[in-house]
Amino acid sequence: MTIERMKELIDLLNEANYNYYVLDNPTITDQEYDKYLRELINIELAHPEWQQEDSPTNHVGGQVIDTFQKVTHDIPMLSLSNVFNEQEIRAFDERIKKEGIYPEYMCELKIDGLSMSLRYKQGKLVTGATRGDGVTGEDITHNVKTIKTVPLKLKKPVDIEVRGEIYMSKKILEELNEKRKANNEPLLQNARNAAAGSVRQLDSKIAASRKLDCWIYHLPNPEDYGIKTHSEAIDYMKELGLKTNPCNRLVQDVEGILDFINYYHVHRKELPYDIDGVVIKVNSIAEQKKLGYTAKYPKWATAYKFPAEEVLTKLKDIIFTVGRTGQITPNAVLEPVLVAGSTISRATLHNEDYVKAKDLRIGDIVSIRKAGDVIPEVVEAKVERRTGEEKEFQMIKKCPICGDFLYKKEGQVDYYCMNPKCPKIHIEGLIHFVSRHAMNIDGLGDRIIEDFFNLKFISSIIDIYHLDRHRDALTELEGYGEKSIDNFLTAIENSKKNSLERLLFGLGIPNIGEKTAKMLASRYETLDHLREASFEELTNIPDIGPIIAKSLVDYFAKEENCQLIEQLKEIGVNMTYTGPKVEQNENFFGKTFVVTGTLETLTRDEIEEKISTLGGKASSSVSKKTSAVIVGSNPGSKYDKAQALGIPIWTEQDFLEKINS
Ligand code: IVH
């Protein structure tokens with residue numbers, strides 16, 4: 001056991017890692033690797049004082065941090081302008097030619113992940129940071145070290161900063177979601193969110209378990225290394241042991257760019273990771289310098305974004321579902337089809353007017369896409385493919401569950417089943433009560449609630465809290481293990497301690513959404529105080545209009561609702577607000593905010609939560625009443641609308657500063 005042997009093992013294992021993960025060309029067997037790794041671990045355990053920064057044992061994770069430290073980017077991390085079609089690509093090329101430059105371009109894949117900066121000193125990794133607002137990011141070194149393709153030591157002892165994208169491969173995302181599904185956890189909607197969520201973990205063991213990967217695509221100061229073109233920079237970074245993308249192509253003109261785009265339009269599906277477009281960069285560094293920058297973007301590069309993928313399939317049927325409020329929704333039943341990475345067989349059609357406006361007929365060939373790349377949407381019927389056999393859409397007159405006549409409120413588009421005894425409305429109400437944003441009772445999924453309702457174990461909310469009385473009967477049921485039963489019984493018991501806003505939202509009072517419930521709970525502190533509030537008092541609260549006020553007053557006026565509340569109280573369900581006190585920050589109090597785009601440091605939920613604890617309100621649409629729009633990267637139409645209306649735009653950084661002021 002000598003320090004020399006330890007260093008030898010570190011080099012040997014780092015080299016093996018590089019060959020395996022970066023070059024995809026293993027040079028030693030797994031058994032040999034494990035043998036050397038065990039030997040290294042033993043030395044490190046015996047001599048912690050010898051521990052080296054570049055030891056591959058650092059890839060395993062284990063470091064836990066308290067908060068994310070800020071990192072200032074010496075050279076700002078800029079974003080890219082976007083182009084969406086051939087015409088805009090040609091215009092980009094023309095603008096450059098106008099400057100007297102006829103460039104060679106590098107075409108690269110636009111990796112759908114999140115950007116990072118890596119700083120090396122003397123060839124050793126010292127800092128990994130997120131982009132943040134471009135000027136200040138967050139230190140995520142502990143998590144970056146767990147990425148096997150991020151070398152902890154470069155092949156040369158240089159001081160260098162490089163930038164690239166952290167991403168999660170399609171396969172890893174799929175595996176992760178399989179596990180989440182089995183544990184009844186919410187699924188990660190796409191690889192980008194999955195990667196972003198993973199690097200925001202304080203515990204690097206979690207990041208390590210996410211098996212992230214990276215591509216390095218940018219050297220911010222090539223001149224310092226005597227480098228004259230971007231392609232040389234890529235080659236240099238590759239020589240240092242960094243993982244650069246082999247799909248990069250140098251092209252001589254705009255036709256070459258279009259060929260590259262067309263190729264990956266077709267072949268992107270075969271890549272083991274998600275891309276959302278192609279990045280086009282002027283190759284010569286001197287030409288890049290001459291073209292320069294706008295405040296946000298380099299003028300020498302742009303990102304071509306792929307259009308949302310549209311796929312054709314058959315509309316087999318339109319079926320109707322009944323929601324918690326009795327609302328009837330038509331749904332498309334589709335011939336299962338793969339769209340942007342997942343199989344789609346259903347899509348909401350919202351309401352009668354929506355179906356009629358699109359003139360969708362049963363039997364139609366329709367095009368499907370994922371709105372925002374998440375929610376499946378029927379775009380249109382392919383009228384030219386009709387055979388005459390298609391059936392015109394007919395809105396139903398009676399509830400598909402209980403058979404009662406449906407009603408449509410004046411001026412509204414939705415039909416409702418108003419039968420207070422409609423079983424589906426009860427089931428949906430119970431599902432809502434236990435759901436994640438309401439009482440958050442883990443282990444009681446939709447199917448279980450429906451089963452228990454049909455088996456008459458539960459018919460109202462209070463019965464959920466009496467399920468323990470049926471423990472023996474439940475264990476007799478097929479498909480229910482004792483462990484899972486005990487788990488949800490414990491979760492039910494624990495839910496009694498929830499802060500008031502969860503109960504208030506969970507009760508399913510019409511028009512009381514999560515945010516309103518939170519605001520009311522923090523304002524009134526106990527359910528009894530809220531029950532005493534009059535219509536006038538409620539309408540005096542900013543953001544509470546007559547509809548919400550009436551809804552609350554009506555709910556508490558009903559004998560059966562008061563009985564339920566008393567019963568819940570009796571069995572020990574908490575009726576007081578125990579969440580954070582509203583702080584009345586003047587930047588936020590009584591004001592309305594819209595959050596849009598991809599955020600770097602906070603999730604949307606976190607920002608919205610913060611806004612509400614400071615006395616503000618988060619809304620989903622921009623209007624004249626919006627106080628400010630908080631913008632992440634790749635914002636959509638909300639950003640444009642805010643600009644058009646002259647509404648203040650805050651970056652995430654502005655937001656963080658306002659919180660603290
Ligand atoms: S270059 C100054 N190259 O796209 C140039 N960016 O929409 C900086 N991205 O923030 C970026 N793949 O996170 C570049 N091959 C690639 C990329 C890429 C993905 C991301 C990056 C950037 C965003 C801009």
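Every number for a ligand or one of its atoms is a count from 1 in the order of the listing.
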List the closest protein heavy-atom neighbour of atom 3 (N) of ligand 1: residue, atom name, distance to the nearest 0.1 Å.
K281 NZ, 3.0 Å

For atom 10 (O) of ligand 1, closest protein heavy-atom neighbour
S115 OG, 3.9 Å

Numbered atoms of ligand 1 (with element) below 4.0 Å of P298, judged on heavy atoms:
2 (C)

Counting only heavy atoms, which portion of E165 has something under 4.0 Å from ligand 1: side chain, backbone, both, or neither?
side chain

Would you say H218 and ligand 1 have an N/O pair spaced under 3.5 Å apart?
no

Checking N143 side chain against Q201 main chain: does a donor-acceptor pair fall under 3.5 Å?
yes

Any atom of ligand 1 sitting under 4.0 Å from a heavy atom of D112?
no

Considering only the protein, which heavy-atom contact is closest to atom 15 (N) of ligand 1, and what is its distance?
E108 OE1, 2.9 Å

So, Y33 versus Y20, ring centres under 6.0 angstrom or not?
no

Spell out, as yes or no, whether a donor-acceptor pair under 3.5 Å connects the side chain of T130 to the backbone of M116.
no

Any N or O of V279 that comes nearer than 3.5 Å to an N or O of ligand 1?
no

When you measure from atom 12 (N) of ligand 1 to every protein heavy atom, which one gives the shortest distance, and what is it?
I111 N, 3.0 Å

Looking at D654 and K658, is any side-chain nitrogen of the basic one under 4.0 Å from a carboxylate oxygen of the acidic one?
no

How does R163 reach ligand 1, by side chain, by backbone, by both or by neither, if only non-hydrogen atoms under 4.0 Å count?
neither

Report the nearest protein non-hydrogen atom to atom 23 (C) of ligand 1: residue, atom name, distance rounded to 0.1 Å.
K110 NZ, 4.0 Å

Under 4.0 Å from ligand 1, counting heavy atoms only, is it the side chain of A303, its backbone, both or neither?
neither

Atom 8 (C) of ligand 1: nearest protein contact (heavy atom, Å):
L78 O, 4.0 Å

Can the ring centroids of Y304 and F84 be said to lie less than 6.0 angstrom from one another?
no

Ionic contact status for E223 with K289, cut-off 4.0 Å
yes

Please step through side chain to side chain contact (heavy atoms under 4.5 Å, CB included) for the pair N58 and L125, ending with a clear verdict.
CA-CA 11 Å; N58 286 320; L125 178 66; over 6 Å; no

Residue part near ligand 1, for L114, under 4.0 Å between non-hydrogen atoms:
neither

Which pair of heavy atoms, one from L212 and one from S198, lies closest together, and at what distance?
CD1-CB, 3.8 Å

For atom 14 (C) of ligand 1, find the nearest protein heavy atom and state the residue, atom name and distance (0.1 Å precision).
Y217 CE1, 3.3 Å

Atom 24 (C) of ligand 1 sits nearest the protein heavy atom L80 N, 3.6 Å

